[in-house]
Amino acid sequence: RLHVLRVINEGQAAVVRRIFQMFQERMGLSRIAKQLNEEQISPPRGNTGWCPTAIREILLRPLYRGVIVWGELQKVERGGTKCRRRRAAEDLITVDAPALRIVPEELWIAVQERFREAKSLRDRYQRKAVFRDKQSDYLLSGLARCIHCGGPIEALGKD
């Protein structure tokens with residue numbers, strides 16, 4: 001692995017752009033995953049299907065805006081067990097790679113702003129970050145809360 005050549009796969013890039021667009025249009029992570037599964041779009045690892053965490057990781061990955069980041073995780077040994085830990089932001093190596101940009105800068109910024117809004121709401125109310133859809137067919141979506149974690153309860157089914 002002395003030399004890695006990165007090339008954009010246009011089929012997969014179109015799916016990434018669509019995910020960013022759907023999120024910017026105020027769709028939630030679960031609803032995006034469900035929509036992609038309904039359309040039978042192949043997931044990243046080709047196994048069980050799309051899940052909200054995969055959507056979140058795609059939306060946060062700097063490579064899609066044309067920035068390569070090295071050294072995020074550091075291998076350490078604790079008590080005879082090998083572990084990984086995140087390095088500080090100032091220790092990361094970042095390189096601009098405009099040829100690898102999949103998502104336009106304006107769209108990237110809009111999506112990251114939505115994540116910041118959700119984080120500020122979470123910090124204000126000490127609750128889990130919530131990405132609500134712009135509109136829902138169900139009157140009480142998001143108002144009901146889970147008794148264990150405080151997360152919103154929302155209807156996503158067809159019935």
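Throughout, residue positions are numbered sequentially from 1 according to the sequence presented.
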| query | Taking only residues two or more places apart in sequence or in another chain, which ones pass side chain to side chain donor-acceptor pair (under 3.5 Å) with Q24? | reply | Q21

| message | Suppose we screen for side-chain contact (heavy atoms from CB on, under 4.5 Å). Which residues come up paired with R65, at least two apart in sequence or across chains? | response | V67, E105, W108

| note | For A33 and C51 the tightest heavy-atom approach is CB-C, 3.8 Å

Just distance, no hydrogens or angles: give the donor-acceptor pairs under 3.5 Å from side chains in residues 12-20, sequence neighbours left out.
from : atom 1 : to   : atom 2 : distance (Å)
R17  : NE     : I102 : O      : 2.9
R18  : NH1    : E39  : OE1    : 2.6
R18  : NH2    : E39  : OE1    : 3.0
R18  : NH2    : E39  : OE2    : 2.8

| Cation-pi check, R114 onto F23 ring (under 6.0 Å, within 45° of axis) | yes

| note | d(T53 OG1, I58 CD1) to nearest 0.5 Å is 10.0 Å

| query | Side-chain heavy atoms under 4.5 angstrom apart, residues restricted to Ile, Leu, Val, Met, Phe, Trp, Tyr: same cluster for L60 and V111? | reply | yes

| remark: Sorted by chain and number, sequence neighbours left out, side chain to side chain donor-acceptor pair (under 3.5 Å) with E113 holds for R116

| remark: Here the gap from S42 atom OG to N37 atom CG, rounded to the nearest 0.5 Å, amounts to 10.5 Å

| Interatomic spacing from CD in E57 to CG in L29 - rounded to 0.5 Å | 10.5 Å

| Which residue pairs pass the side-chain hydrogen bond (donor to acceptor under 3.5 Å, both in side chains) test when at least one of the two sits in residues 75-84, sequence neighbours left out? | none

| said: If you compare all heavy atoms of N9 against all heavy atoms of G11, which two are closest, and at what distance to 0.1 Å? | reply: OD1-N, 3.0 Å

| request: Not counting sequence neighbours, which residues clear side-chain contact (heavy atoms from CB on, under 4.5 Å) with P43? List them please. | output: W50

| field | Approximate separation, where rounding is to 0.5 Å, of K34 NZ and I55 CD1 | value | 14.0 Å

| task | Would you kindly confirm whether V103 and V95 end up in one hydrophobic cluster when ILVMFWY residues are joined by side chain heavy atoms under 4.5 Å apart? | result | yes

| said: Is the shortest side-chain heavy-atom distance between R101 and I8 below 4.5 Å? | reply: no

| request: Say whether L73 and I68 are linked into one hydrophobic cluster, either directly or through other cluster members, by side-chain heavy-atom distances under 4.5 angstrom. | output: no

For residues 85-94, please give each side-chain donor-acceptor pair under 3.5 Å, one per line with the distance, not counting sequence neighbours.
from : atom 1 : to  : atom 2 : distance (Å)
R85  : NE     : Q74 : OE1    : 3.2
R85  : NH2    : Q74 : OE1    : 3.2
R87  : NH1    : G71 : O      : 3.4

